[in-house]
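For clarity, every value in this text was computed on a predicted model and none was experimentally measured.
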Protein chains: 2
Amino acid sequence: MDGATNSRPRTRASYQRLSRDERRDQILAVARRLFTELPYAEVSTTAIAREAGVQRGLIHYYFGTKRELFLKVVQGLTEFAAVQAPPPDESMTLPQTVELCVDLFLDTAEANATTWFAALDAEGFGQDPELLRIVNRFRDATVEYMLTLLRVREPTETLRAVLRIYSGLVEAATRQWLQEKTLDRAQTRTLLARSLLVLMTDIAPSLEHG
Amino acid sequence: MDGATNSRPRTRASYQRLSRDERRDQILAVARRLFTELPYAEVSTTAIAREAGVQRGLIHYYFGTKRELFLKVVQGLTEFAAVQAPPPDESMTLPQTVELCVDLFLDTAEANATTWFAALDAEGFGQDPELLRIVNRFRDATVEYMLTLLRVREPTETLRAVLRIYSGLVEAATRQWLQEKTLDRAQTRTLLARSLLVLMTDIAPSLEHG
DNA sequence: GGATCCTTTTGGCATGGCGCCAACAAGGTG
DNA sequence: CACCTTGTTGGCGCCATGCCAAAAGGATCC
């Protein structure tokens, strides 16, 4: 391989050494920004390294491969975008709880619009099983959270399925509101609240049979 | 490499010459199969060429770039998966029409499950504007088709938005039915039919104001 | 204050994919 | 049978990624 391996000076490298966590977080932050701005393929590890003021090999040292780094980013996004849990209130009526629930969705979506859609968009990224697992875990967590908030005693698998479907409705509605701007927040709120109410009180029970 | 570059006969290339359309369609067929089986990044032009029994450069000759080939594939998928239009029937009641509409969705989805999800999954592929345009055109066509089938005289923009959202519900429901298998066809049908009915007769009108 | 050691960080090699293009050959046309 | 069109090949150059051995921070110990 390279003839004069031993004679090469290999000097002049002035850099600052950081703790494992610091460097990790720093790279992760840069990667998060780039991955939410551009499609996966257009974000090169070279670009991430450059913006982090670091050599490309370091990314491999911390995250292994580019895909693994991407997965870490997506995981972070889903955790970040997860709805913050307020205490369940026993005195509220179902319609009230539903509206509260919807408001939480809308608040979260509005506050983290970019992040929110970046995480959702990541899903279609192919038939990547690992990525699918992450996004599904996020969906399931949301469903479980809805179940506690709505104080459902013993949720059936059917009800869970209905709520997962509903989360697809939430996603689509949020898109129309924040991205296409064909609905305003009040309209989106009404649509989502009434839909959820109908789904839970009316449609879901009618699906329960044999 | 063979040392005598210039003396190289450059012969022995026995191939069959096809017409433009034939070759195009052949490559497209292979690409469609591979792109629906694997994520974009894992399908190399080399693989496509190999399976098509053709040299890699030919792909560029016909389609320009890999991305353009992919877009052609997705476009083909959306056209193929488009719901076939039956004649609108003036004598049907709204609930009947709604059920017919839902059945059409389910038939299409069931018949082309792989294709269907491959097309939908392609969406998230990043913030690719071109790809977004193709998928949106598909969605809009579906919405327009629903409008004629449901015999809506003068659709408002709000109603269109609601139907676009509904198509998100269809997508999510189809996933639960065909991929996760947490619902059967009858349940999915009921859910989608009743949801569409409520959305159109009840919820959408209530969103129309100032 | 200097030697030692552990871990971070670098820099470069190798591989493979993609875009491109000039040369080549199939197969029809005069 | 030469000729011409154009489908087709084969290879060059570039860039991105994975990987790894060597080098440099910087804490610790004497």
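Between B:E68 atom CD and C:dC18 atom P there is a gap of 14 Å when expressed in whole angstrom units. One can place CD1 of B:I48 at 8 Å from P of C:dC18, the figure rounded to the nearest angstrom. At whole-Å resolution of the value, CZ in B:F70 and P in C:dC18 are 13 Å apart. Atom CG in B:D21 sits roughly 10 Å away from atom P in D:dG7 (whole-Å rounding). Put simply, CD1 on A:I59 is 12 Å from P on C:dT9, counting in whole angstrom units. Atom CG of B:L58 is separated from atom P of C:dC18 by 15 Å (rounded to the nearest Å). Atom P of nucleotide D:dG25 and atom CD of A:E22 are separated by 17 Å, given to the nearest angstrom. For the pair B:Y15 OH and C:dA26 C1', the computed distance is 6 Å after rounding to whole Å.
A heavy-atom distance below 4.0 Å to DNA chain D is reached by none of the residues of residues 26-34 of chain A.
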Inset, instruction - Please step through salt bridge (charged side-chain N to carboxylate O under 4.0 Å, His left out) for the pair A:E22 and A:R17, ending with a clear verdict. - result: CA-CA 10 Å; A:E22 278 176 310; A:R17 199 184 158 120; over 6 Å; no
Inset, instruction - May I have the step-by-step check of side chain to side chain contact (heavy atoms under 4.5 Å, CB included) for A:I134 and A:F138, ending in yes or no? - result: CA-CA 6 Å; A:I134 293 179; A:F138 170 60; 5.9 Å; no
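Applying the side-chain hydrogen bond (donor to acceptor under 3.5 Å, both in side chains) definition to pairs two or more places apart or across chains, those involving residues 57-66 of chain B are B:R20-B:Y61. Sorted by first and then second residue, the pairs that involve residues 189-199 of chain B and meet side-chain hydrogen bond (donor to acceptor under 3.5 Å, both in side chains), not counting sequence neighbours, are A:D202-B:R194, A:S206-B:R194, B:E99-B:R189, B:D103-B:R189.
Applying the 4.0 Å criterion to OP1 and OP2 of D:dG7, one finds that B:Y61 has a side-chain N or O inside that range. B:R23 has a side-chain polar atom (N or O) that falls below the 4.0 Å cut-off from OP1 or OP2 of D:dT8. Using a 4.0 Å cut-off, no side-chain N or O of B:Q55 falls inside it from OP1 or OP2 of D:dT8.
Every residue meeting the salt bridge (charged side-chain N to carboxylate O under 4.0 Å, His left out) condition with B:E110, not counting sequence neighbours, appears here in chain and number order: B:R185. Under the salt bridge (charged side-chain N to carboxylate O under 4.0 Å, His left out) criterion, A:E144 pairs with A:R160, sequence neighbours left out. Remark: A:A173 engages A:T188, A:L192, B:I165 in a side chain to side chain contact (heavy atoms under 4.5 Å, CB included) (not counting sequence neighbours). For B:E51, the salt bridge (charged side-chain N to carboxylate O under 4.0 Å, His left out) test picks out B:R33, with sequence neighbours left out. For the salt bridge (charged side-chain N to carboxylate O under 4.0 Å, His left out) test, no residue two or more places apart in sequence or in another chain qualifies with B:D89.
For C:dT7, its base sits under 3.5 Å from the side chain of A:R17 at one donor and acceptor pair at least.
Here A:Y62 lies in heavy-atom contact (under 4.0 Å) with sugar-phosphate atoms only.
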For nucleotides 16-19 of chain D, print each protein N/O atom paired with a nucleotide N/O atom at under 3.5 Å, atom names and distance only.
residue, atom, partner, partner atom, Å
D:dT17, OP1, A:T45, N, 3.3
D:dT17, OP1, A:K66, NZ, 2.9
D:dT17, OP2, A:T45, N, 2.9
D:dT17, OP2, A:T45, OG1, 2.5
D:dG18, OP1, A:T65, OG1, 2.5
D:dG18, OP2, A:K66, N, 3.2
D:dG18, N7, A:R56, NH1, 3.4
D:dG18, O6, A:R56, NH2, 2.6
D:dC19, OP2, A:H60, NE2, 3.0

